[in-house]
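Have a look at the structure below, then the notes.
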Amino acid sequence: MQAKAQLEQHIIAKQHAPLHSSDSDPQETAEWLEAWDQILDEESPQRASYLLTALTERARSAGLELPPPSFNTPYWNTIRVEDESPYPGDMEIERRIKSVIRWNAMAMVVQQNKNDPGIGGHIATYASIATLMEVGFNHFFRATIKDQEGANQPGDFVYFQGHASPGIYSRAFLEGRLSRKQVENFRHELREDPGLSSYPHPWLMPDFWRFPTVSMGLASLNAIYQARFMRYMENRGLIAPTDRKVWAFLGDGEMDEPESMGSITLASRERLDNLIFVINCNLQRLDGPVRGNGKIIQELEAAFRGAGWNVIKVLWGRGWDPLFAKDRSGVMLKRMEECVDGEYQSFRAKEAKFLREQFFGKYPELAEMVADMSDEEIWSLRRGGHDSIKVYNAYKRAFEHQGQPTVILAKTIKGYGLGPSGGEGRNLAHQSKKLDENDLVNFTQRFNLPISEEDAKAAKFYMPQENSPEVIYLHERRRALGGYYPTRETKSDLVETPPLEFFKEQLAGSDGREVSTTMAFVRVLTNLLKDKTIGKRVVPIIPDEARTFGMESLFRQVGIYASQGQLYQPHDSDMFLYYKESKDGQILEEGITEAGSMCSFTAAGTAYSNYGVEMIPFYIFYSMFGFQRIGDFVWAFADARGRGFLCGATAGRTTLNGEGLQHQDGHSLVLSSTAPTCLSYDPAFAYEIAVIVQDGLRRMYHEDEDVFYYLALYNENYAQPPMPEGAEEGIIKGVYKLRAGDGKPKAHLWGSGPMVNEALRAQRILAEQYNIQTDVWSVTSYNELRRDALRVERWNRLHPAEPERQPYVVQVTGETEGPIIASTDYMKIVPDQVAPWLNGRLISLGTDGFGRSDSREYLRAHFEINAESIVAATLSRLAREGKFNAKKAAQAMTDLGLRTEAIDPSLA
Ligand SMILES: Cc1ncc(C[n+]2csc(CCOP(=O)(O)OP(=O)(O)O)c2C)c(N)n1
Ligand SMILES: [Mg+2]
């Protein structure tokens, strides 16, 4: 009834003024409106709405141009009071629990900043989101869940707003899952009693956090792709279906990150009703209001509704319901709609008097409505996100909604309950880490906490008795929901990975046939997909480049995942390799979204923990558009202990020719080296790929190591040799001798990727034209060589009395003499990584500088990495060492075609 009254008021309010100044017949308009009002009154809102829809359709089919639809609803709650369900829990007890959690969360940060000024932490964000969290913890977030076959699966997935972490810790503390020591050591992770990480980091707290979120925007995109991957697992029969949900708690400021909103249409297109976004609309970000001059909630509503989401607004607490009921003229809604967020913030940042005067006082009728309310009563009119009943109803409706993802836009107050020094509703809220004594005492009074004034002033933790009703209730609720939350499972179903013989095709070489390492890799992938043990676990992920990499045969072989199957007959269906989409397709053909693909890679690479099923993702991307575009997601993947293979195809600044500056990658190996758990490889030959992939599969899926791989894959075709005997160890560790010269070498030529062939050509030139013997080595990973050397060096440093150990790179080069000329299609800093252990012997030739469009031949000459440049560098260095005639070396520069006076390519 009340909602009907609300609707009526809205209409009456609008009726007072003519709808348009161009109304040529107001009398007729009034009659139509009256007729419609009657239907609303005497029949139902549904019927009234139906008639409007029918009229609109009629007008459209008559060819009338109608004003564009509005994607906004009035600035009130989506769920009508009469449609609300009663609260299923004991609200009073939950309020008391929440108050304790609020207090301890605040105390954790305040105490630590007293002990250690500058250590940081946030109090205002959790203060705003506490109710949104607690309703979830008490009634929605399931820790385990029974699937359709009755088996236990990990429960719902919750992406927590990262900097609300003190509240999550505070709850776990109350549950007895975190000790007092741990909580006291919030943000002190390196002490004798290690404490808690600043934000959600599975790397640092692997039994607790599941999803790294605090870098703004990562949670939203990862949650969307997680929900989609859950369907993928179900549709492929890898897990039994459940009604499990993916919840993402996001900040309203965070929604400005392009990653936050960039893929929301994927969620609606895929009908991800397992996905629920809760946006904590406290109207503020770090510096100030999110939209001071507008309304962030209305903006988000329109965008999400337009993108096909189910939108639920939770704006006003139940205290407002009687006021809405009184508001016969619609003046309150009118006032709510005309206020911008900057004003809403001020109403809260000041005091009740200000709210009465500035909000209600603007219109006499409105002021009249609250005339008999005290300032205290006015002040306690809550926003929707602080009202458990409103929040519960929104969650329930989101949980039950089918066919669409849901976004809940919950209006809250940043720093709720923290008072002026805690920045309640103020621009400084985000930075606030301390409360003055007055506000600490007020806090305990406001939330009825039985804390003495003295303890309050000291911001001491408060812990109710074990057998108190609050603690009993808390445990009982969690038991009902399958256990404590959050927790991260670390069990995985370890896999029997293939032995090296499985890759015999790659180990044997190509018998003179010219193939690229990308093609060789695709053969490896194809064979793995066919393997009975691990084939079904392989997840090929490609952002619209499969044809570029020669992978299109996989479309037909294993199918492209499409949740709706294939609703059309593909034009190439009469061909063997047609574009096959299917519900149980295995390939994730993502379209042009490197970030989205990375999120699929993340969902698959962490499936061992999230679903208890080891999946083996291979994400093959255009190498230039990998790390530098989505580096933050890679970092989060490492934090999440993800496993899998990232494959940068069309690698190399000169091997990918023609494409020019924006495409030619000479630095992904530098960027990949920054992720601590990423093993970077730059293989030259098919057999090297086989050895690396085999070892990677073993380490990640059999030995259970939390590492992942980056492989640079090239598109230059050349004959693939068979594997030299005994090369495996060197391939994995990073370097091995590929071809010795005829006699004692005067220098060593190191090559990586296709540059190995240039090194081999240089070896011939040096021998034939300059009578200098050299050995050629293939360096598969400078990065791994460096890591090994750093580890050994550290050990030596810390154990000065023990016999010195030798890094691998020293073991293999120690007996050799002469300069080492390293050529790479990547920047010189890649080989330079091992320079400290080579006693000044290393000369790096690489591709520093912007790329160009031209053929490989010209590009390699330009960057001075071709065989001629390797020869010239060798002669030059030998001349400097007095082992070759300097004049001859200078002459060789000209003979070999080096442009000695040209601009340095790193500057060109
Ligand atoms: C990518 C990124 N940029 C900047 C930050 C720093 N930062 C942390 S919280 C925050 C403000 C968040 O505002 P909002 O999303 O509205 O959350 P609230 O605290 O208001 O709930 C900023 C800028 C970050 N964590 N990640
Ligand atoms: Mg905010």
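Just follow the structure's listing: the first ligand is 1, and inside any ligand the first atom is 1. Sequential numbering from 1 along the given sequence is applied to the chain's residues.
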Out of Ile296, Asp287, Leu286, who is nearest to atom 23 (C) of ligand 1 when you count heavy atoms only? Leu286
Do Arg210 and Asn610 have side-chain N/O donor and acceptor atoms under 3.5 Å apart? yes
Do any nitrogen or oxygen atoms of Arg285 lie less than 3.5 angstrom from nitrogen or oxygen atoms of ligand 1? no
Looking only at distance, does His163 have an N or O less than 3.5 Å from an N or O of ligand 1? yes
Of Leu283, Thr412, Val214, the one whose closest heavy atom lies nearest atom 25 (N) of ligand 1 is Val214
Side-chain donor-acceptor contact under 3.5 Å, Asn280 with Gln161: yes
Relative to atom 14 (P) of ligand 1, which among Gly415, Gly162, Gly253 owns the nearest non-hydrogen atom? Gly253
Answer yes if the side chains of Gln182 and Tyr169 hold a donor-acceptor pair under 3.5 Å, and no otherwise. no
Taking the six-membered ring for Trp, is the centroid-to-centroid distance between Phe173 and Phe461 below 6.0 Å? yes
Filter on ring pair (Phe, Tyr, Trp, His ring centres under 6.0 Å), then keep only pairs touching residues 420-444, sequence neighbours left out; what's left? Trp103-Phe443, His122-His430, His163-His430, Phe443-Phe447
Atom 18 (P) of ligand 1 - nearest protein heavy atom and its distance: Lys414 NZ, 3.2 Å
Does atom 2 (C) of ligand 1 have a protein heavy-atom neighbour under 4.0 Å away? yes
Is the closest side-chain donor-acceptor distance between Asp639 and His201 under 3.5 Å? yes
When you check the gap from the basic side-chain N to the acidic O, do Glu84 and Lys390 get nearer than 4.0 Å? yes
Hey, does Met255 sit under 4.0 Å from ligand 1 if you only count heavy atoms? no
With a cut-off of 2.8 Å, does any N, O or S atom of Thr125 fall short of it relative to the Mg ion (ligand 2)? no
If the threshold is 4.0 Å, N to carboxylate O, is there a salt bridge linking Arg318 and Asp387? yes
Side-chain donor-acceptor pair under 3.5 Å between Lys313 and Thr73, yes or no? yes
Relative to the Mg ion (ligand 2), which of the N, O or S atoms in Asp252 is the closest? OD1
Report yes or no: do Arg305 and Asn310 form a side-chain donor-acceptor pair below 3.5 Å? no
Ligand 1 atoms nearer than 4.0 angstrom to some heavy atom of Asn280 are 21 (O)
Suppose we measure from atom 12 (C) of ligand 1 to each protein heavy atom; which comes out shortest, and what is that distance? Met216 SD, 3.8 Å
Angle in degrees, rounded to 10°, that O of Gln284 and OD1 of Asn282 form at the Mg ion (ligand 2): 90°
Near Thr125, which atoms of ligand 1 are under 4.0 Å from a heavy atom of that residue? 18 (P), 19 (O), 21 (O)
N/O to N/O below 3.5 Å, does that happen between Ser215 and ligand 1? no
Look at the N, O or S atoms of Asn280, main chain and side chain alike, and state whether any lies under 2.8 Å from the Mg ion (ligand 2). no
Out of Glu254, Gln161, Glu259, who gets a non-hydrogen atom closest to atom 17 (O) of ligand 1? Gln161
Donor on one side chain, acceptor on other, Tyr710 and Ser668, under 3.5 Å: yes
